[in-house]
Amino acid sequence: VRTRGGAAHSGTWVSFTDLKAALMKSKSFARDCEEPLRLLFESDPRAVERALEGFAGTRAQLPPPYSAKKAGGIPAYERARRGEAVQLAARPVQIHELRVVRFAYPELELLVRCGSGTYVRSLGRDLAEALGTGAVMAELRRLAIGGFRVEDAIDASALSPEVISR
């Protein structure tokens with residue numbers, strides 16, 4: 001993955017249905033949500049790819065309430081933790097590439113190349129909403145930022161003053 005002026009991320013999203021034991025508020029959740037989604041993905045395996053097409057380029061993104069963005073001069077996460085409603089304005093973000101790496105319902109792994117300021121977890125939220133479901137990010141890994149790539153990284157145990165001075 002090469003990036004210029006942006007970041008690359010690999011993330012795995014899991015549908016809410018996979019975490020239903022912890023999140024279920026209603027016994028009808030599985031019947032009302034899980035089964036229709038499973039049937040959608042079985043009957044239309046390209047549903048995710050088609051949904052992704054609408055995310056490329058510049059788009060407005062609503063930051064999450066637990067972000068460091070300020071609301072009324074106070075970081076939004078402070079207000080959210082106090083239980084206050086947080087209203088943040090959508091802001092433009094750039095999605096250079098968004099592609100399916102692996103999809104085995106209910107897990108979806110994507111590769112995202114995006115501009116700085118993009119909330120990748122919110123991108124998962126927005127994709128799930130476009131598909132008529134919910135999702136939780138189970139894993140997020142930054143693969144690159146600017147010219148720095150994870151495959152060029154040095155393990156911390158190998159650092160020495162000589163290596164650092166190079």
Side-chain angles (χ1 to χ4, degrees), residues 1-19 23 33-34 37-38 40-71 75-81 86-159 163-164 166:
V1 175
R2 296 204 182 273
T3 61
R4 292 219 190 317
H9 303 270
S10 175
T12 302
W13 282 269
V14 180
S15 78
F16 278 144
T17 58
D18 192 52
L19 301 174
L23 299 174
C33 297
E34 183 175 10
L37 288 172
R38 186 184 62 75
L40 165 69
F41 294 130
E42 285 177 0
S43 67
D44 187 2
R46 288 212 3 92
V48 172
E49 278 123 5
R50 274 199 315 281
L52 290 176
E53 292 169 4
F55 285 84
T58 302
R59 62 186 316 268
Q61 184 183 57
L62 189 63
Y66 286 92
S67 69
K69 290 284 174 204
K70 297 211 171 157
Y77 65 85
E78 286 183 18
R79 290 176 172 261
R81 287 180 183 154
V86 179
Q87 295 288 19
L88 296 170
R91 47 191 304 271
V93 296
Q94 184 70 36
I95 307 298
H96 304 291
E97 179 183 9
L98 186 58
R99 135 175 91 82
V100 174
V101 173
R102 184 181 63 80
F103 179 45
Y105 181 81
E107 294 186 8
L108 169 64
E109 183 177 350
L110 298 175
L111 177 73
V112 180
R113 257 187 358 98
C114 58
S116 62
T118 303
Y119 290 94
V120 176
R121 284 181 178 84
S122 294
L123 188 61
R125 171 203 65 204
D126 298 342
L127 175 60
E129 191 174 284
L131 291 166
T133 186
V136 177
M137 179 170 275
E139 179 181 333
L140 176 62
R141 184 169 187 223
R142 186 182 298 254
L143 301 175
I145 185 162
F148 298 101
R149 300 177 318 161
V150 73
E151 58 265 19
D152 299 331
I154 299 171
D155 188 88
S157 65
L159 288 178
V163 170
I164 293 172
R166 282 192 228 159

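Side chains are part of it too, since the values below use all heavy atoms of this structure and drop only hydrogens, waters and symmetry mates.
Partners of Arg50 under the salt bridge (Lys or Arg N to Asp or Glu O under 4.0 Å) rule, at least two apart in sequence or in another chain, are Asp44. Listed by chain and number, the residues in a side-chain hydrogen bond (donor to acceptor under 3.5 Å, both in side chains) with Arg81 amount to none (sequence neighbours excluded). With sequence neighbours left out, the side chain to side chain contact (heavy atoms under 4.5 Å, CB included) criterion links Ala56 to no other residue. Residues satisfying the side chain to side chain contact (heavy atoms under 4.5 Å, CB included) criterion with Val100, sequence neighbours excluded, are Val48, Glu49, Leu52, Phe103, Leu108, Leu110. Not counting sequence neighbours, the partners of Gln94 by the side-chain hydrogen bond (donor to acceptor under 3.5 Å, both in side chains) test are Thr58. Every residue meeting the side chain to side chain contact (heavy atoms under 4.5 Å, CB included) condition with Ile154, not counting sequence neighbours, appears here in chain and number order: Ala158, Leu159, Val163. The salt bridge (Lys or Arg N to Asp or Glu O under 4.0 Å) check on Asp152 picks up Arg149, with sequence neighbours excluded. Here Pro65 pairs with Ala80, Val86 under the side chain to side chain contact (heavy atoms under 4.5 Å, CB included) rule; sequence neighbours left out.
To the nearest 0.5 angstrom, Arg91 atom CZ is 6.0 Å from Tyr119 atom OH. In this structure, CG in Leu127 is found 5.0 Å from CG in Leu131, a value given to the nearest 0.5 Å. Note that OG1 of Thr118 and CD1 of Ile95 are 4.5 Å apart. Values are rounded to the nearest 0.5 Å. Note: Glu109 CD to Arg141 CZ = 10.0 Å, rounded to the nearest 0.5 Å. Distance CZ/Arg113 to CG/Leu111: 8.5 Å, rounded to 0.5 Å.
Scanning all heavy atoms of the two residues, the minimum distance from Ala90 to Pro63 falls at CA-CD, 4.3 Å. Here the closest non-hydrogen pair linking Ser122 and Gln61 is CB-NE2, 3.7 Å. Closest heavy-atom contact between Pro64 and Leu88: O-CD1, 3.5 Å.
Within 6.0 Å of the CD atom in Glu78, the count of heavy atoms belonging to other residues, nucleotides or ligands exceeds 12.
Applying the salt bridge (charged side-chain N to carboxylate O under 4.0 Å, His left out) test to residues at least two apart or on different chains, the pairs with a partner in residues 54-70 are Arg59-Asp126.
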